[in-house]
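The residues of the chain are indexed from 1 along the displayed sequence.
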Amino acid sequence: MGKDSLKRILICGAGRMGKEVEEEALRQGVKYSFLSEDMLCGCDDLMEENLGEKCDGIIDFSHPSFTKKLADFAVKNSLPLVVCTTGQSEEDIKVLYEAALKTPVALIANAAEGMNFAYKLVEQTAEKFKEAEAEIFEVHHSGKADSPSGTAKEIAFLIKNARKNGEIRYAREDKRQPNEIGICSERKGNYIGKHSVSFCFGDEEITITHEAFSRSAFAKGAMVALLRLSRLPAGKLYGKEIYDEVY
């Protein structure tokens, strides 16, 4: 039998997202320890001290530069690790794959539950309407560091995989090419995160949209992901499929 609930977790957070996970843990009555980025920059002994008693796993909303340290820490302490940061290098991804062979690890591009359900709709639509022109639009706040978003890239890969072809274009400078999967990014205001996927074919268009109005959506989804991951074995790097039980 798997766990019915989380009892204690380790939160690795940057700014507002770390605080959101803390508040969600409090709402759910889950005990937690917290590692700030300053703590993560410190020695491993400091991390061990903040681990405290045995916990159910780690939720990471810090920075991709800490991926290797957290993966090594998770393996050393046999802890499930949910990585919710994006922008990792190929080497970082390799580290996560290797760690996943020893302890359960999930790399989540967008932890919001609704977005992970929307992924399924995107896959089904892309497979059903293979000839449709696919365009992805994403909007985030002015201070977001990366562009396009990890979620937008994930959507593009889902479409490409569903169709077994397609060229992903992050910035268009000329006319649309056959089988192109376009991504348009906007950075403005205080948008938490909005993603739309448009499939245009003939005289019709299908648009799938997800918007997070609060960062708490990602915190709640990360807690769901860790609970699910804690029930799964090591052996592969998990992704959005860990939400399948929810739906």
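Side-chain N or O atoms of Asp60 include one that pairs as donor or acceptor with a backbone N or O of Ser62 at under 3.5 Å. Between the side chain of Arg176 and the backbone N or O of Glu180, at least one donor-acceptor pair lies under 3.5 Å. In terms of modelled atom types and a separation under 3.5 Å, the side chain of His141 and the main chain of Lys144 share a donor-acceptor contact. With hydrogens and angles ignored, the 3.5 Å screen pairs a side-chain donor or acceptor of Ser142 with a backbone N or O of Gly189.
Residues Tyr32 and Arg8 fail the side-chain proximity criterion, which asks for heavy atoms closer than 4.5 Å. Contact of the Ile93 side chain with the Thr67 side chain is not registered, since no non-hydrogen atoms from C-beta on lie closer than 4.5 Å. With contacts defined as side-chain heavy-atom distances shorter than 4.5 Å, the pair Lys236/Glu241 qualifies. Within the 4.5 Å cutoff, the side chain of Tyr238 has no heavy atoms near those of the Val82 side chain. Using a 4.5 Å cut-off on side-chain heavy atoms (C-beta onward), Lys76 and Leu79 make no contact. Looking at Asn190 and His140, their side chains never come closer than 4.5 Å, going by heavy atoms from C-beta outward.
In this structure, Arg169 does not pair ionically with Glu135, as no charged nitrogen and carboxylate oxygen lie closer than 4.0 Å. With respect to the salt-bridge test (charged N to carboxylate O, under 4.0 angstrom), the residues Lys120 and Asp244 qualify. The pair Lys68-Asp72 meets the salt-bridge criterion, since a charged nitrogen lies less than 4.0 angstrom from a carboxylate oxygen. Between Glu167 and Lys160 there is no salt bridge, since no side-chain N of the basic residue sits under 4.0 Å from a carboxylate O of the acidic one. Salt-bridge formation is detected for the pair Glu123/Lys240: a Lys NZ or Arg NE/NH1/NH2 atom is positioned less than 4.0 Å from an Asp or Glu carboxylate oxygen. A salt bridge between Glu138 and Arg187 is present, with a side-chain N of the basic residue lying under 4.0 Å from a carboxylate O of the acidic one.
Just one of Thr86, Thr85, Asp92 meets the side-chain hydrogen bond (donor to acceptor under 3.5 Å, both in side chains) condition when paired with Gln88; it is Thr85.
Under the 4.5 Å side-chain contact rule for hydrophobic residues, Ile192 and Ile108 share a cluster. Hydrophobic clustering of Ile, Leu, Val, Met, Phe, Trp and Tyr side chains at less than 4.5 Å, counting indirect connections, keeps Val105 apart from Leu101. Linking ILVMFWY residues whenever their side-chain heavy atoms come closer than 4.5 Å, directly or via other members, leaves Val95 and Phe61 in distinct clusters. Hydrophobic clustering places Phe218 together with Val30 (ILVMFWY residues linked when any side-chain heavy atoms are closer than 4.5 Å, directly or through intermediates). Cluster membership for Ile208 and Ile168, using ILVMFWY side-chain heavy atoms within less than 4.5 angstrom, is shared.
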Side chain to side chain contact (heavy atoms under 4.5 Å, CB included), that's the test. Do Ile155 and Met115 meet it? Break it down for me.
CA-CA 10 Å; Ile155 292 170; Met115 187 68 247; 4.0 Å; yes
Show, in sequence, the C-alpha distance, side-chain angles and deciding distance for Glu22 and Phe34, and conclude whether the side chain to side chain contact (heavy atoms under 4.5 Å, CB included) test is met.
CA-CA 8 Å; Glu22 283 189 89; Phe34 182 79; 4.0 Å; yes
Evaluate Lys128 against Gln124 for side chain to side chain contact (heavy atoms under 4.5 Å, CB included), listing each step before the verdict.
CA-CA 6 Å; Lys128 176 66 176 179; Gln124 293 171 5; over 6 Å; no
Ile242 and Leu232: side chain to side chain contact (heavy atoms under 4.5 Å, CB included), yes or no, with the steps?
CA-CA 9 Å; Ile242 66 173; Leu232 297 174; 3.9 Å; yes
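Heavy-atom contacts from other residues, nucleotides or ligands closer than 6.0 Å to CG of Asp203 number 12 or fewer. Surrounding OH of Tyr170 are more than 12 heavy atoms belonging to other residues, nucleotides or ligands, all under 6.0 Å away. More than 12 heavy-atom neighbours from other residues, nucleotides or ligands sit within 6.0 angstrom of NZ on Lys130.
Pairing each heavy atom of Leu70 with each of Cys12, the nearest pair is CD2-SG, 3.5 Å. Considering every non-hydrogen atom in both Ala100 and Ala234, the closest pair reads O-CB, 3.5 Å. Nearest heavy-atom pair across Ser196 and Thr209 is OG-OG1, 2.9 Å. Taking all atoms of both residues into account, the shortest heavy-atom contact from Glu24 to Ala219 is CB-CB, 4.0 Å. Here the closest non-hydrogen pair linking Ala132 and Phe199 is CB-CB, 4.0 Å. Taking every heavy atom of both residues into account, Ser78 and Pro80 meet most closely at O-CD, 4.1 Å.
Taken from CD1 in Ile136 to SG in Cys184, the straight-line distance is 9.0 Å, to the nearest 0.5 Å. The CG atom of Leu96 sits 10.5 Å away from atom CD of Glu91, with the distance rounded to the nearest 0.5 Å. For the atom pair Gln28 CD and Ile9 CD1, the distance stands at 8.0 Å (nearest 0.5 Å). The CG atom of Leu10 sits 5.0 Å away from atom CD1 of Ile58, with the distance rounded to the nearest 0.5 Å. In this structure, CG on Leu226 lies 10.5 Å from CZ on Arg231, to the nearest 0.5 angstrom. For the atom pair CG (Leu81) and CG (Leu229), the distance works out to 8.0 Å, reported to the nearest 0.5 Å.
Aromatic ring pairs are classed by plane angle as parallel below 30°, tilted from 30° to 60° and perpendicular above 60°; the pair Phe129 and Phe201 is parallel.
Judged purely by distance below 3.5 Å, without hydrogens or angles, the side chains of Ser214 and Ser216 pair a donor atom with an acceptor atom. For the residue pair Tyr119 / Glu154, no side-chain donor-acceptor distance below 3.5 Å is found, with atom types taken as modelled. Between the side chains of Lys7 and Ser5, a donor-acceptor pair is found at a separation under 3.5 Å.
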